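Take a look at the structure below.
Given the structure is predicted, the values throughout are model-derived calculations rather than measurements. Lettering follows sequence order; numbering is per chain, from 1.
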Amino acid sequence: MLLFEDYRKKLIESIRSLYPEVRDNDIAPDRTGHADLALRAFSLLRKGDVKIEEIVSRITGALSGEDYIASITSSGGYINFTLNPKKLMEAISSEIYGTDRFPDIFQDPERVSVEHTSTNPTGPIHIGRIRNSIIGDSIFRILSRYGYRVTTQYFVNDSGRQVASLYVGYKKFGQSDSLTTENLLKAYQRMHKEVEADPGLEKEVDETIRQYEAGKQEVMDGIRTICSVILGSINGTLERLGIKIDDYTWESDLIRNGDVNKVLESLEDELEDEGGAKYVSSGGRKMFLTRNDGTSLYFSRDIAYHQYKMDNFDWIIDVLGENHKEHAGHIRYVMKDLLHRDGKLDFVFYSYVSLESGKMTTRGGNIVTADELLDRAIEESLNIVRNKRSELQESELSRIAQAVATSAVRFHIVKLNSNKQMVFKWSEALSLEGDSAPFVMYSYARAASILRKAGDTDIRPEGDYGNLEAPLVKKMYEYAYVLHDAASGLKPEAIANYLLELTRTFNDFYTNCPVLTSETPDRGRRLAIVRNFKNIVKDAAYLVGINVLEEM
RNA sequence: GGGCCCGUAGUGUAAAGGAUAUCACCUAGGCCUCCGGAGCCUAUGAUCCGGGUUCGAAUCCCGGCGGGCCCGCCA
């Protein structure tokens, strides 16, 4: 469903009543400036042995009573429709009449689970992992915006080899240090090196895993404590970015409450054995569920987790790094083909972020943490805002810098198509002009400023839309379609790119089209345009993690 | 070796199989007696290569080339 009245659909239906063979794709928004919507009449022309003029005149006749159409012309095999900005403006405005806020769309929403982040609690969150959180949180916001009941989920991997290795490392090399994420990270990295020299350490890790699954108190307390410390600092980072996790599910809980065993029981007929280790197979691929000592593997725990999610949600979305693609395929196979769970399950993958100096690895120590990025972004923003707004108090400067920095960081990451690799560059991440969040925020602040000065009166969309106004109205009207595409395709970058286009269009209007100093009816109409712009930016910006400010 | 993803101006990116391929950064010029210059205007510059499908291909198919990821009783 669309946020605004769907004129494109209306047009398609009218044309179909004359030419039933016209497909949805034959009518599309035009990007070349010839029209607002274009009908590609190539197949009609070939099949029907008719002239384009005939088609145009039939369509024109059928649409003669429709005031949302401003003109119909043809060129080559295209039939070009321009839309009446007055009607588009009405469609936008009617949705926010009285509230200044666009409503949610669904009445009876599905329950949706969005799992994101879920990074191993073995160190601080770095800029590669934060891509997961940023994409996931935007998907959460977009689906919530649409009216779904969305819960965000974090799967805490406290039962794997990595955490057990951290635990052993901390006991051996870090116990005299205070229990902080930094010291734990040091111990983890040291452990990673020591294991190469002393393979006996691996055996201790194995033993730790066994003891943890068996519920040995000392190990349980130790691992839980360590994970909680690191999770706390990961959470702190997420909070700085305005990202909230609703539910944490600990892998070890699924082992101890029997869910993992239930998975093994359900799969009993499919299980195969290799030296005591259990696996299922498909197409010659073995997917191991347990080790030969009976301890569980990530795969079986993740199946148990998906069972839990299927029980509680109508739509499951997992945001995963591209290295999980095969794993995700296996999960889908087991859930659907072996366990016959047909719930809606979608994966959103993202490619990795690397540094100019190469790949990031937590164990190897070559990382830029998300906190480091945020700190530098805040510093940068503070310098700029202090320079531009020297009259403001320090607390106000800091508030603005925070908003600018977190918005800029999130936007920088979310605007890129998630399956493109990203090479992190400080100069790009800290850029506050061009295709950036502050560019959007600044235009918003200008719109806010105009409306403040105008007061509440005289906002009336009357008179004719000029050639700087109509393009902005049409761009605003597009929001309904962009939001729809972003939600159905789980593509937050579509909103990000739309916001940039919308803002550019507004800036063009702003520089060339006086609002406050113009006469009635232009003034009232332009104020209405500015107000709609401001409302749409506010609505869309939130979805991609931009905190707009009334003043900056 | 096999599988998946990505190749668009110097750099980064956009583009329902559709018309003259988007925008930003960089570079060279220009715009503040005028609603907020984190802005605007002008100029230069691109679809990896070779085939195919189609009235029409950046987009779909096949074959190369380059980069990433995966092919663990790791996660």
For [N], take OP1 and OP2 only and decide whether either is under 4.0 Å from a side-chain N or O of [X].
X	N	result
A/Arg46	B/C55	yes
A/Tyr510	B/G37	yes
A/Ser449	B/G36	yes
A/Lys286	B/C71	no
A/Arg285	B/G2	no
A/Arg446	B/G37	yes
A/Arg291	B/C74	yes
A/Lys425	B/U11	no
A/Lys359	B/C69	yes

### Message
Closest approach to the side chain of A/Phe42, judged atom by atom: which nucleotide of B/C35, B/C55, B/C69 is it?
### Response
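Of the candidates, B/C55 comes closest.
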### Query
With nearest nucleotides of RNA chain B determined for A/Leu549 and A/Arg23 from heavy-atom distances, which residue corresponds to the more 5′ nucleotide?
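The answer here is A/Arg23.
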### Message
Both A/Phe288 and A/Asp508 contact RNA chain B. Taking the nearest nucleotide for each, which residue is further toward the 5' end?
### Response
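Going by which nucleotide is closer to the 5' end, it is A/Asp508.
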### Task
Using the six-membered ring wherever Trp is involved, compare the ring planes of A/Phe347 and A/Phe349 and label them parallel, tilted or perpendicular (cut-offs 30° and 60°).
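Parallel.
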### Task
For the pair A/Phe506 and A/Phe533, name the ring-plane relationship: parallel under 30°, tilted 30 to 60°, perpendicular over 60°.
parallel
### Query
Do A/Asp36 and A/Lys474 meet the salt-bridge criterion of a basic N to acidic O distance under 4.0 Å?
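Here A/Lys474 pairs with A/Asp36 in a salt bridge, since their nearest N and O are under 4.0 Å apart.
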